[in-house]
Engineer: 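Mind looking over this structure? Questions follow.
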Amino acid sequence: MSVHQAVRTPADINMSGWYGLLPPPKAPEVLRGRQKADWLIIGAGFAGLAAARRLSQLVPGDRIVVVDAQRVGWGAAGRNSGFMIDLPHELAGENYGGSQNHDRKRIRMNRAAIEFSAAAADEYGLQAFFVRAGKFHGAASDHGLGVLREFETHLTGLGEPFERLDGPQLKEITGSDFFIGGTFTPGTVMAQPAGFIRGVAEGLSSRVQLFENSPVISMRTGKLHTVKTAEGEITAPQLILTVNGHLESFGFFKKRLLHVFTYASMTRPLSKSEQAALGGEPHWGLISADPMGSTIRHTGDRIVVRNTFTYNPDMSTSEKQIKRIGAVHDQSFRARFPMLGDMPMEFRWGGHLCLSLNSAAAFGEVEDRVFVAGCCNGLGTVQGTLYGMLAADIAAGSDEPMVGDALNQPAPSRLYPEPLMSIGAPLKLWAMQRRAGKEL
C-alpha cells in the first residue's frame, strides 16, 4: 500500500473562449460524505470521459464515478484549439512527421480515437461540436513552404491524401493574402472542445456519476483505493488517473513530464460588414507550416489565434504572462487580417500541455489496479481520447489489440537535471519559435 498527497490545482484566472461561448452549466454535484464505487476515474477531460464511456460499454452493471477538481470543460480539455488530428503531428519535429512505421501506427490509433469520439457525438447529438472539416497548413515564407514540401513528401510515403494549395486558393478560404501556399489534409475533426466535452459528460450522466468542483486532497492506494476531497471520500478497487501533467501531483512520473503552456485569443463577434471585408469561408482551421507558428480558426463570426509556448513547471500561468503574449497574438492577427484593423479580443487564455522529451505518453498500470493515461504531447483531444479508452480496456481486461501497441511504446524519458531544465527548456522554446519567423 502507498500514500500519495495530491497537489491542489491553482485557481484558473482566465476563461477559455470556447467555455465562454457556452450557456452557464447547471449547478455542480460535489462529492460529499463517504461513498463507494466499482471504478473511480480522476479527471473529466478527454481521457477521463473516454475511459468512463468505454467502461460503461465493457462493464455496464458496475458503478463508475468520475471526480474533477473543476467544472467540465473549464480546464485543459476546453482550452485547446479543437483540432482532432489523425496524421503525424510532432510538435518538436521539423515537419510534424517521424519514422514511417511509427507514423502508420500512430495514424491507425488516432483514427480509432476519432471514430470513438464520432460515435459519442452521434449518440449524444453533438454534431455541432464535432465537424469532419479537415485542416489546412499555411505557409507565409519560403521556409514554411519548404517545411510543407517535406511534410507532403512524408504523406506521399505513407500513402495519405493531401491537396496542395497556392496563395490565391488560400485567400479564397481564409480571406487573407498572408499565406503564399498551403496543404490540406481531410482527416482532421474540428471540435468545439468545451462544448463537446461538456456534451459527452451530459450524455454519460445516466450511466456514470460525475462529481465536479471536488479537488482531490489525498489518495491512498491498496486493496481498496481511497480518495479524499474537502467534503467527501470515495473508495474503489479500480482507479484510473486521467489528469495529464498532474500525474506528477499524484506522485507518478516524477521528473519525466515537461509542463508547457500555450495561449490563445478569441475576437468579439465580427459584424456583418467586417465579415464582408474579410471574405473567405466562415468555418476553417489552419495550422502553421512550422510547428511553432500560429494556429488560426475561423468559426462563424469569430476568429481564434493561438501561438507562443512557455515553460511553466509549476503548472500555472499568470495574468501578466497572458497579457504579454496577448500582444503577440494581436500582432499576428493584424499581419493576417489587416482589413479588420485593431480587432478587440473578447477572450484570452492559457492552456496546460504536458510533453515528454521522447514524445511518449504516460500510460499503463503503475500500481496494482491503478491505471494512468496522460502526457498527450500537445494532442490532448485525440491522444487523450485514445489513451483514456485504452486505459479502460486494459483495466477491464478486454482483448483490444491496440492495448498491446500502446504498452509496447516507450515510457516518458527522464528530464535533464537542474539547472539544465529551467535554463534549457525556455531557450529551446525560444529558438524553435524564432525559427518559425514569419510563420508566428
Side-chain angles (χ1 to χ4, degrees), residues 80-104 106-107 110-111 114 132-190 262 264 280-281 283-298 303-309 328 331-333 335-337 359 377-379 381-382 429 431-440:
N80 60 77
S81 297
F83 290 70
M84 295 193 77
I85 298 173
D86 59 333
L87 295 175
H89 195 78
E90 174 56 68
L91 287 176
E94 295 288 332
N95 65 355
Y96 293 105
S99 70
Q100 286 197 357
N101 287 339
H102 173 273
D103 285 348
R104 285 194 179 96
R106 174 56 57 200
I107 290 167
N110 286 351
R111 286 176 176 162
I114 288 172
R132 294 181 184 268
K135 74 177 189 304
F136 297 90
H137 288 257
S141 64
D142 290 338
H143 158 71
L145 281 180
V147 172
L148 287 187
R149 297 298 88 86
E150 290 181 17
F151 182 55
E152 291 170 356
T153 298
H154 189 61
L155 293 179
T156 299
L158 293 170
E160 292 294 333
F162 65 87
E163 179 184 355
R164 181 177 293 182
L165 304 166
D166 60 21
Q169 288 173 309
L170 275 177
K171 183 175 182 179
E172 288 183 13
I173 295 160
T174 66
S176 172
D177 58 9
F178 181 80
F179 304 102
I180 61 175
T183 306
F184 175 76
T185 59
T188 292
V189 167
M190 303 302 299
T262 191
E281 298 178 1
H283 296 279
W284 50 266
L286 183 145
I287 293 173
S288 169
D290 188 284
M292 292 292 109
S294 293
T295 294
I296 310 290
R297 277 192 68 175
H298 188 185
I303 297 175
V304 180
V305 55
R306 194 280 305 155
N307 66 40
T308 308
F309 293 82
V328 178
Q331 182 177 354
S332 298
F333 185 91
R336 289 158 175 80
F337 308 109
S359 300
N377 289 285
L379 291 172
T381 55
V382 68
L429 289 172
M432 293 173 71
Q433 288 170 164
R434 185 174 177 84
R435 178 197 69 192
K438 190 177 180 181
E439 309 299 338
L440 188 66

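Every heavy atom of this structure was used, including side-chain atoms; hydrogens, water molecules and symmetry mates were not.
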Engineer: Would you call the rings of His137 and Phe151 parallel, tilted or perpendicular if under 30° counts as parallel and over 60° as perpendicular?
Structural biologist: tilted
Engineer: For Glu439 and Ser288, work out which heavy atoms get closest and say how close.
Structural biologist: CB-OG, 3.3 Å
Engineer: Looking at Glu281 and His298, what are the two nearest heavy atoms and their distance?
Structural biologist: O-ND1, 3.1 Å
Engineer: Check the pair Glu160, Thr185 against side-chain contact (heavy atoms from CB on, under 4.5 Å), reporting the backbone distance first and the verdict last.
Structural biologist: CA-CA 8 Å; Glu160 292 294 333; Thr185 59; over 6 Å; no
Engineer: I need the Ser81 OG to Leu286 CG distance, nearest 0.5 Å.
Structural biologist: 11.0 Å
Engineer: How would you list, by chain and number, every residue that makes a side-chain hydrogen bond (donor to acceptor under 3.5 Å, both in side chains) with Asp86, sequence neighbours excluded?
Structural biologist: Arg111
Engineer: What heavy-atom pair brings His154 and Asp103 nearest, and what distance separates the two atoms?
Structural biologist: NE2-OD2, 2.5 Å
Engineer: Please name the pair of heavy atoms, one in Leu440 and one in Met292, separated by the smallest distance, quoted to 0.1 Å.
Structural biologist: CD1-O, 3.5 Å
Engineer: For Phe136, which residues count as a ring pair (Phe, Tyr, Trp, His ring centres under 6.0 Å) partner, sequence neighbours excluded?
Structural biologist: Phe184
Engineer: Side chains of Ile114 and Arg132: does their closest heavy-atom pair fall under 4.5 Å?
Structural biologist: yes
Engineer: What pairs with Ser176 under side chain to side chain contact (heavy atoms under 4.5 Å, CB included), at least two apart in sequence or on another chain?
Structural biologist: Thr174, Phe178, Phe179, Arg336, Phe337
Engineer: Flag the pair Asp290 / Ser141 as yes when at least one side-chain heavy-atom distance between them is below 4.5 Å, and no otherwise.
Structural biologist: no
Engineer: How close do Gly181 and Leu170 get, counting heavy atoms only, and between which atoms?
Structural biologist: O-CD1, 3.3 Å
Engineer: How many angstroms lie between atom CZ of Arg306 and atom CD1 of Ile287, to the nearest 0.5 angstrom?
Structural biologist: 8.0 Å
Engineer: Apply side chain to side chain contact (heavy atoms under 4.5 Å, CB included) to Glu172 and list each qualifying residue two or more places apart in sequence or on a separate chain.
Structural biologist: none
Engineer: Indicate yes or no: at least one non-hydrogen side-chain atom of Ile296 is less than 4.5 angstrom from one of Trp284.
Structural biologist: yes
Engineer: With Gln169, which residues qualify under side chain to side chain contact (heavy atoms under 4.5 Å, CB included), at least two apart?
Structural biologist: Leu165, Asp166
Engineer: What do the steps show when you test Met190 against His283 for side-chain contact (heavy atoms from CB on, under 4.5 Å), and what is the final call?
Structural biologist: CA-CA 9 Å; Met190 303 302 299; His283 296 279; over 6 Å; no
Engineer: I need the Leu145 CG to Ile180 CD1 distance, nearest 0.5 Å.
Structural biologist: 4.0 Å
Engineer: Say you draw a straight line from CD1 of Ile173 to NZ of Lys171; how long is it, rounded to the nearest 0.5 Å?
Structural biologist: 13.0 Å
Engineer: Indicate the atoms forming the closest heavy-atom contact of Thr381 with Phe83, along with that distance.
Structural biologist: OG1-O, 2.9 Å
Engineer: For the atom pair OG1 (Thr183) and CD (Glu163), what is the distance rounded to the nearest 0.5 Å?
Structural biologist: 9.5 Å
Engineer: Test side-chain contact (heavy atoms from CB on, under 4.5 Å) on Leu87 and Asn110; report intermediate values, then the result.
Structural biologist: CA-CA 8 Å; Leu87 295 175; Asn110 286 351; over 6 Å; no
Engineer: Sequence neighbours excluded, which residues qualify as side-chain hydrogen bond (donor to acceptor under 3.5 Å, both in side chains) partners of Thr308?
Structural biologist: none
Engineer: Decide yes or no for Arg435 and Pro291: does some side-chain heavy atom of the first lie under 4.5 Å from some side-chain heavy atom of the second?
Structural biologist: yes
Engineer: Does the side chain of Asn80 reach to within under 4.5 Å of the side chain of Thr262, using non-hydrogen atoms?
Structural biologist: no
Engineer: Between Glu152 (side chain only) and Phe162 (backbone N and O only), is there a donor and an acceptor less than 3.5 Å apart?
Structural biologist: no
Engineer: Starting at CZ of Arg104, measure out to NE2 of His102 and round the result to the nearest 0.5 Å.
Structural biologist: 13.0 Å
